[in-house]
Undergrad: 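Handing you this structure, nothing more for now.
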Amino acid sequence: MSDQSHGTPRRASDGVAYWKANIRLIIGSLIVWALVSFGFGILLRPLLSGISVGGTDLGFWFAQQGSIIVFLCLIFFYAWRMNKLDRDFGVDEE
Amino acid sequence: MDQTIINIIFVGLSFAIYIGIAIWARAGTTSEFYAAGRGVHPVTNGMATAADWMSAASFISMAGLIAFTGYDNSTYLMGWTGGYVLLALLLAPYLRKFGKYTVSEFIGDRFYSPTARLVAVICLIVASVTYVIGQMTGVGVAFGRFLEVDATTGLLLGAVIVFAYAVFGGMKGVTYTQVAQYVVLIFAYTIPAIFISLQLTGNPIPALGLFGEHQASGEPLLARLDQVVTDLGFSEYTAHNGDTFNMVLFTLSLMIGTAGLPHVIMRFFTVPKVSDARWSAGWALVFIALLYFTAPAVGAMARLNITELFWPNGTDGEAVAIETIETDPAYDWMPTWQQTGLLGWEDKNGDGRIQYYNDGDADMQARAEEAGWEGNELTNFNNDILVLANPEIANLPGWVIGLVAAGGIAAALSTAAGLLLAISSAVSHDLVKGAINPSISEKGELLTARIAMAVSIAIATWLGLNPPGFAAQTVALAFGLAASSIFPALMMGIFSTRINNTGAVAGMLAGLGTTLLYIFLHKGWFFIPDTNMFTDAEPMIGTIKSTSFGAVGAAINFTVAFIVASMTKPVPDDIKELVESVRVPRGAGTAQSH
């Protein structure tokens, strides 16, 4: 193993809070991730069939385009939030 | 000018650019460029990752699979993009913080076990070799068309070129070459799509044209397409016809597999900072999405164009005459592709026309009987030819066709060569030097790497002659293997401090073992044709096809790892500390070499 320089937050409790906040953010993001792809794109498509989009329905749009747009937003949102969280907890890289 | 000459000019020119950039970039600082990505802006790194990632499966194969199946194959679109969310949220920043170069090193260190590292290497090799088989299928199609020979000859010639390219190439490590490949690839993919979208819908953006209006009929494009294909007895394009459970599992397998593929993960090890690792995944997906937004439009529009070419007088009129196919320039692509053996037609009822319809459909059988048809006369239309044939089908200018040839070859070659490099370094560095013979000389290591590369390309070529599926389907199997083995180990390594060495090893072996077994039972042992016991049409377990089993394998991996870990010795404290440190960005140095 190489020499690891351990990043230690200012207080141990901060480290726990930081990780908890991160996990909350991940779970929230993954719920959206699953909702647009497995939800709107596949399982909930019959429920959305009333909403028509260009010759077909909203579920089809989510399966072929909408989910990808949401994925993009999610990754950038997560990166922005986490980089902010790093600074708030003082664990960012200088 | 003759089309073959135009193709050669475009393919030759694009190669000259890649090699030129490689030489120019190398001349500066060789060692720096080997650590691809360090000191490189996240946007540039994202573009290079996109080129690395988008292979023959995305470029050559995917739109064809969507075109001939419709909505149900949206799985590829969601699966191969949704994986980046998992990568960005669950793996990339932590692996960057860990700060080594390879996936197997992380697994070896985190699970404090050379055995775990060895098992990870084996998983990596199995997934990568399967991936290369898919690439070789695409290479065969591209070279077959490009050199106007049959697909088998194309495959053999392509294999020689891939081998030369991979041996020549630390080129792979050069980020700017990959940026150039990305540019060629994305232009090659979108330009014909823009032309076709303008022809059909008047909208220059294919992704919007897909949901736009079909100008010739005044109906929405997708409604028109649904109409035309159901007229011929095929299932409705936008409808869900397959099994829902299998569709969910398949999408999940592709997503998890994306986040478990070593050659993609590796790119995030070497970005300058942890925060950059998070952004990089986003930028990679931006560049990938440019192609993925276009792909479903390419598929739908090509399907409509093909149907109309075979039924020039409408689906209730007369079918196209063989004389027209042989003489009309709009049909020139058909004899050309016939040479590859991937397109075929036969005038079964001898009426001088080619009736293209679904002869398995009851209503169509009645119509066929009345009209004197004796079965579908478009006897062979390999899905993998669709993207490459598309500009010819739409009658686009010669330079567009040349550009697409260059793009297809770039996509297949770059990924195949990258994977071969990954396999050879895994065998020589991790397997031989790391486990079998640690005292091997540097020369010996290099020789082992070359031999490993030659052996894997020989195997991939041989199996590529009788591929287990279309290029994208074979690649999907590789994703299933990565999903069942690598991803769970990485995720548990970061998010759990309770999984120990024995648990991780047992989990990986169980995940890979069951998935490989399930695939072999359906696709034949070692993909050798006719050795399978089940088919994907009638799978062994419920409706789960072999391409969808990766998600099940991952679940098995997680479960076995947790059970075994709870029954064996707990994780030592220094490893727990390692996990804690990986979770926090502060203190991330530059990536360490081995």
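Residue numbers start from 1 in every chain, and the chains themselves are labelled A, B, ... in the order their sequence lines are given, proteins ahead of strands. Treat the numbers as computed from the prediction; the structure is a model and nothing was measured.
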Undergrad: If you measure from CD on A:Q64 to OG1 on A:T56, what distance do you get to the nearest 0.5 Å?
TA: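 One gets 8.5 Å once the value is rounded to the nearest 0.5 Å.
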Undergrad: Relative to chain B, which of A:L25, A:I23, A:I69, A:D57 shows the most heavy atom pairs under 4.5 Å?
TA: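 Heavy-atom pair counts peak at A:I69.
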Undergrad: How are the rings of B:Y237 and A:F60 set to each other: parallel, tilted or perpendicular (split at 30° and 60°)?
TA: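 Rings of B:Y237 and A:F60: tilted, 30 to 60°.
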Undergrad: Given heavy-atom pairs under 4.5 angstrom as the criterion, report whether the side chain, backbone, both or neither of A:S37 touches chain B.
TA: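 Both backbone and side chain of A:S37 come within 4.5 Å of chain B.
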Undergrad: By number, which residues in residues 221-229 of chain B have some heavy atom less than 4.5 Å away from chain A?
TA: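 If one takes a 4.5 Å heavy-atom cut-off, the residues of residues 221-229 of chain B near chain A are B:L222, B:A223.
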Undergrad: Rounded to the nearest 0.5 Å, what separates atom CG in B:L91 from atom OG1 in B:T258?
TA: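 Taking CG in B:L91 and OG1 in B:T258, the distance rounds to 11.5 Å.
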Undergrad: So for B:A239, is it side chain, backbone, both, or neither that comes closer than 4.5 Å to the heavy atoms of chain A?
TA: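 The backbone, not the side chain.
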Undergrad: Do you know which of B:G212, B:P220, B:S74, B:A297 has the most heavy-atom pairs under 4.5 Å to chain A?
TA: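 If we count pairs closer than 4.5 Å to chain A, B:S74 comes out on top.
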Undergrad: Does the gap between the ring centers of A:W19 and B:F495 come in under 6.0 Å?
TA: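 Close enough - the centres of the two rings lie under 6.0 Å apart.
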Undergrad: Measure the acute angle between the ring planes of B:F106 and B:F98, then classify it against the limits of 30° and 60° as parallel, tilted or perpendicular.
TA: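 Perpendicular.
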Undergrad: Taking the six-membered ring for Trp, are B:F250 and B:Y76 ring centroids under 6.0 Å apart?
TA: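 Distance test on ring centres: under 6.0 Å, yes.
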Undergrad: Specify the closest pair of heavy atoms between B:I494 and B:L90, including all atoms of both residues, with the distance to one decimal.
TA: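 Reported closest heavy-atom pair: CD1-O, 3.7 Å.
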Undergrad: For A:F40 and A:W61, I'd like to know if the aromatic rings sit close, meaning centre-to-centre distance below 6.0 Å.
TA: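 For A:F40 and A:W61, the ring centres are not under 6.0 Å apart.
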Undergrad: Strictly less than 4.5 Å between heavy atoms, which residues of residues 47-55 of chain A line up against chain B? Please order them by number.
TA: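 Within residues 47-55 of chain A, the residues that come under 4.5 Å of chain B (heavy atoms only) are A:V53, A:G54, A:G55.
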Undergrad: Search all heavy atoms of B:L210 against all heavy atoms of A:Q65 and return the closest pair with its distance.
TA: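 Residues B:L210 and A:Q65, closest heavy atoms: CD2-NE2, 4.2 Å.
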Undergrad: Less than 4.0 angstrom from a charged side-chain N to a carboxylate O is my criterion; do A:D86 and B:R278 meet it?
TA: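 B:R278 and A:D86: salt-bridged.
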Undergrad: Is it the case that the ring center of B:W283 lies less than 6.0 angstrom away from the ring center of B:Y84?
TA: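 Judged by ring-centre distance (under 6.0 Å), B:Y84 and B:W283 do not meet the cut-off.
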